[in-house]
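Report on the following structure.
Reminder, nothing fancy here: chain letters follow the sequence lines and each chain counts from 1.
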Amino acid sequence: MSKDKREKEPLFSAKNRKLLINPLHKDNPITTQVLGICSALAVTAKIKPAFVMTLSVIAVLGFANVIVSILRHGIPPRIRIIVQLVVIASLVILVDQVLKAFVFDVSKQLSVFVGLIITNCIIMGRLEAFALGNKPWPSFLDGIGNAFGYGWILIVVAFFREFLGSGTIWDYPVMEQLGVYNFGYQNNGFMILPPMALIIVGIIIWVQRSKDKSLVEEN
Amino acid sequence: MQSNFYIFRYASVMVIVVAAILSSAAMLLKPYQEKNKAIDKMKGILTSANIEATSENAIQLYKDNITEEIVINNKGEIVESKKKGEVEPGKSLAFSLDLKKELYKKGRGEDFNIPLMVAETNGKKIFIIPLLGTGLWGPVWGNIAVKDNFSTVVGVTFGHKAETPGLGAEIDTKIFQAQFVGKELFRDGKFQSISVVKGGIGTMPNDMQIHGVDAISGGTITSVGVSDMLANCLENYVPFINKRN
């Protein structure tokens, strides 16, 4: 092998940067790829669980992508989905165990959702679409990028739902401090319910597409 | 395309490696998890007696406020009683008693033991009874604190493993739990558990409303589970209470 061939591509080459940044906006898993909607509805009633869910997904997706990418030449294609599932499920169990050991209160709130990371379609989607055909480093960036893209939507949705639904931000009683209750303001209980998450995600998609026409599909 | 042998070998090795990693992680983290569970239990016990506790100060508050931890058998006799300071918080028999096993023994008609915690505020005793039952998807649990007449409820806490968020899971909210304060467990000297009533306590006769709370809309099975848990756990204390009076 000649020397120039072995020369590595820089860690943050334009191509790699794209992997990290595109999922934040143009190629966002929730608003563009429409993956992971179900968990976006479930954990966004408050910012805190949304934030922890984001961290968990970053950890799981980052590692799962790297592991599958390292194993990609050895994985028998006929059982690749099973292998991917085993990798994801083990990582999720690890995350769950760590949460239970070190942030018990949060793990109590997330209870069911941590297990649901396994079924989060973003993770399987990225493993199948990217990690199986790419080197570990780009796969890692792709995983982190997609998890962040998922996470920021989650947190924005949670911000509006918590602020308007419970009158708090990160459990801090903002509305009470502002004293708006004295003027007859009431929290909107509807914001707490899952349908509002869908509507907020819808609004984000709308804003995103009206700003970037290239995302609008032609019929 | 790989041979079948390769696929089998790959799958077997993968399973063994994953099993080893997961079981060692579970073993390493277990002490931390057990500690968290104990703290959570203390928090539940304290909160039901209206002593606000956080994860940080729960152990200290438990040490300061719980004056006695008692184990009672199903005939109402005291099996073991530890006064404040006799044991470290979380180490007494009453605290570590496995309610699930005891209730299982009850179901089989065998003798069983039950725990009772005593707290004291303003010179008045509060009795705290741990609860365990079944919800829709998994276990539900909690604590109920009563005044020294063993009838008037001071407070409750509930927890659950996997009830539906927004529906059954609402049993762990303050709004649901606040309804229990001031309800009565005895009626004319006879035990009358608190029921969680679908459609609201407005559907009950006026004089029975003191023994009921509103159920959660959309969480009927969990609500029934809470009702059953209260009845099933509290009735065990009746022999003890009768002896005491």
message: Run B:Met14 and A:Val86 through side-chain contact (heavy atoms from CB on, under 4.5 Å) and show every step you take.
response: CA-CA 9 Å; B:Met14 176 181 73; A:Val86 170; 3.8 Å; yes

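- Of the listed residues (A:Ile82, A:Ile79, A:Ile75), the greatest number of heavy-atom pairs within a distance under 4.5 Å of chain B belongs to A:Ile75.
- Side chain of B:Gln33 to backbone of A:Gln97: a donor-acceptor contact under 3.5 angstrom is found.
- Residues A:Leu71 and B:Tyr10 have side chains in contact (heavy-atom distance under 4.5 Å, counting atoms from C-beta outward).
- Looking at every heavy atom in both residues, A:Ser90 comes nearest to B:Leu22 through O-CD2, 3.6 Å.
- Within a 6.0 Å radius of NZ in B:Lys105, other residues, nucleotides and ligands contribute more than 12 heavy atoms.
- Crowding of B:Tyr104 atom OH: a count of heavy atoms from other residues, nucleotides or ligands under 6.0 Å not exceeding 12.
- Side-chain contact between B:Lys43 and A:Asp105 is present, with at least one heavy-atom pair separated by less than 4.5 Å.
- Heavy-atom neighbours of B:Trp137 CH2 from other residues, nucleotides or ligands within 6.0 Å: at or below the threshold of 12.
- Heavy-atom neighbours of B:Lys198 NZ from other residues, nucleotides or ligands within 6.0 Å: at or below the threshold of 12.
- B:Leu103 CG: more than 12 foreign heavy atoms inside a 6.0 Å radius.
- The closest donor-acceptor contact from the side chain of B:Asn36 to the backbone of A:Val103 lies at 3.5 Å or more, if one exists at all.
- Heavy-atom neighbours of B:Phe112 CZ from other residues, nucleotides or ligands within 6.0 Å: above the threshold of 12.
- Open room surrounds CZ on B:Phe8; 12 or fewer heavy atoms of other groups in view lie less than 6.0 Å from it.
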query: Stepwise, does the side-chain contact (heavy atoms from CB on, under 4.5 Å) test hold for A:Arg78 with B:Asn4?
result: CA-CA 10 Å; A:Arg78 273 187 283 170; B:Asn4 284 348; 3.4 Å; yes

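- Scanning all heavy atoms of the two residues, the minimum distance from A:Leu94 to B:Ala25 falls at CD2-CB, 3.4 Å.
- Within the 4.5 angstrom heavy-atom criterion, no atom of A:Val87 approaches chain B.
- The local environment of CD in A:Gln186 is sparse, with at most 12 non-hydrogen atoms from other residues, nucleotides or ligands closer than 6.0 Å.
- A:Phe104 is listed as a side-chain neighbour of B:Asp40, based on a closest heavy-atom distance under 4.5 Å.
- Neither the backbone nor the side chain of B:Lys30 comes within contact range of chain A; no heavy atoms are under 4.5 Å apart.
- A donor-acceptor pair under 3.5 Å links the side-chain atoms of B:Tyr6 to the main chain of A:Gly74, judged by distance alone.
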